[in-house]
Amino acid sequence: VQLQAFGGGSVQAGDSLRLSCVASGSAASYYSMGWFRQAPGREREYVGAMRWSGGPIFYLDSAKGRFTIFKGDNKSTVYLQMNSLKPEDTAIYHCAASIFDDPREDEFDYWGQGTLVTVSS
């Protein structure tokens, strides 16, 4: 499966942004797809994922209530809707795919290129 992330940009604190991750290739809709982010000088964070069977999974406490993960109608695109953005959300956001339905952070084997999100105060 090949992944491509879109939608990054520069916004102000409080703004919203929607990232897209398009999966292509064999059985692309049967992979769980996750979002990760890495800020300069910081460890990578697992933001959350969408199970291939349906239903989002959130792991990052700071994302709860602000970020929503959902699938597109074609089942091979996953979105990360980010509302009430904060400067600390500034990072490169990557999407990744896993064959597992409820993947651990280390169970994502396929990665797309990142898309940069910059939030100014």
Side-chain angles (χ1 to χ4, degrees):
V1 63
Q2 294 81 44
L3 304 173
Q4 197 162 14
F6 302 93
S10 297
V11 297
Q12 298 290 316
D15 285 350
S16 298
L17 206 58
R18 180 178 293 181
L19 306 183
S20 306
C21 180
V22 179
S24 59
S26 177
S29 62
Y30 292 98
Y31 288 81
S32 295
M33 294 171 66
W35 288 96
F36 295 76
R37 69 184 186 184
Q38 187 162 21
R42 299 190 64 179
E43 296 287 321
R44 186 180 67 194
E45 292 181 306
Y46 182 18
V47 177
M50 171 66 73
R51 293 185 174 96
W52 69 260
S53 63
I57 310 165
F58 276 103
Y59 285 87
L60 192 61
D61 285 343
S62 64
K64 293 177 181 177
R66 299 190 299 125
F67 292 7
T68 303
I69 295 177
F70 60 98
K71 274 190 176 183
D73 291 341
N74 63 9
K75 308 299 182 187
S76 59
T77 300
V78 172
Y79 300 95
L80 177 64
Q81 176 68 40
M82 303 185 293
N83 299 327
S84 302
L85 282 162
K86 304 175 181 180
E88 51 265 42
D89 294 318
T90 294
I92 297 174
Y93 285 72
H94 296 266
C95 63
S98 171
I99 60 171
F100 297 102
D101 191 37
D102 188 2
R104 298 192 314 264
E105 183 174 353
D106 61 349
E107 290 178 331
F108 287 87
D109 294 321
Y110 305 92
W111 292 81
Q113 92 292 352
T115 185
L116 177 63
V117 173
T118 303
V119 185
S120 303
S121 57

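Owing to the predicted nature of the structure, the values given are computational and were not obtained by experimental measurement.
Considering every non-hydrogen atom in both R37 and E88, the closest pair reads NH2-O, 4.1 Å. The minimum heavy-atom distance linking E45 with L60 is given by the pair OE2-CD1, 3.7 Å. Nearest heavy-atom pair, G8 versus L19, reported as atom, atom and distance to 0.1 Å: N-CD2, 3.6 Å. Closest of all the heavy-atom pairs between D101 and S53 is OD1-OG, 2.8 Å. Taking every heavy atom of both residues into account, S121 and A13 meet most closely at CA-CB, 4.2 Å. Heavy-atom minimum distance, Y31 versus I99: CE2-CG2, 3.4 Å.
Remark: aromatic rings of W35 and F67 are distant, center separation not under 6.0 Å.
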For the pair Q113 and Q4, evaluate side chain to side chain contact (heavy atoms under 4.5 Å, CB included) and give the outcome as yes or no after the intermediate values. CA-CA 6 Å; Q113 92 292 352; Q4 197 162 14; 3.7 Å; yes
Go through it in stages, so that I can follow the logic: the residues are K86 and R66, the test is side chain to side chain contact (heavy atoms under 4.5 Å, CB included), and I'd like the CA-CA distance, side-chain angles, deciding distance and then a yes or no. CA-CA 10 Å; K86 304 175 181 180; R66 299 190 299 125; 3.8 Å; yes
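To the nearest 0.5 Å, the span separating CG on D89 from OG1 on T118 amounts to 11.0 Å. One finds the SG atom of C21 at 10.0 Å from the CG atom of L80 (value rounded to the nearest 0.5 Å). The CH2 atom of W52 lies 14.5 Å from the CE atom of M33; values are rounded to the nearest 0.5 Å.
Each of W111 and L116 belongs to its own hydrophobic cluster when Ile, Leu, Val, Met, Phe, Trp and Tyr are linked at side-chain heavy-atom distances under 4.5 angstrom. Taken together through direct or relayed side-chain contacts under 4.5 Å among Ile, Leu, Val, Met, Phe, Trp and Tyr, V11 and F6 form parts of separate hydrophobic clusters. Under a hydrophobic-cluster definition in which Ile, Leu, Val, Met, Phe, Trp and Tyr are linked whenever side-chain heavy atoms come within less than 4.5 Å, directly or via other members, V22 and F36 are assigned to different clusters. L85 and I92 are assigned to two separate hydrophobic clusters, defined by single-linkage of ILVMFWY side chains at heavy-atom distances under 4.5 Å.
Between Y79 and F70, the ring planes are parallel. Angles under 30° get that label, and only those over 60° would be called perpendicular. Between Y46 and F108, the ring planes lie perpendicular to each other; the angle is over 60°, past the 30° to 60° tilted range.
For T90 (side chain) and V119 (main-chain N/O), a donor-acceptor pair under 3.5 Å exists by modelled atom type. Looking at S76, its side chain never comes within 3.5 Å of a backbone N or O of S24 through a donor-acceptor pair. Remark: the backbone N or O of Q81 is not paired with any side-chain donor or acceptor of T68 at under 3.5 angstrom.
Within the 4.5 Å cutoff, the side chain of V1 has heavy atoms near those of the L3 side chain.
Salt bridge K64/D61: present, at least one basic N to carboxylate O contact under 4.0 Å.
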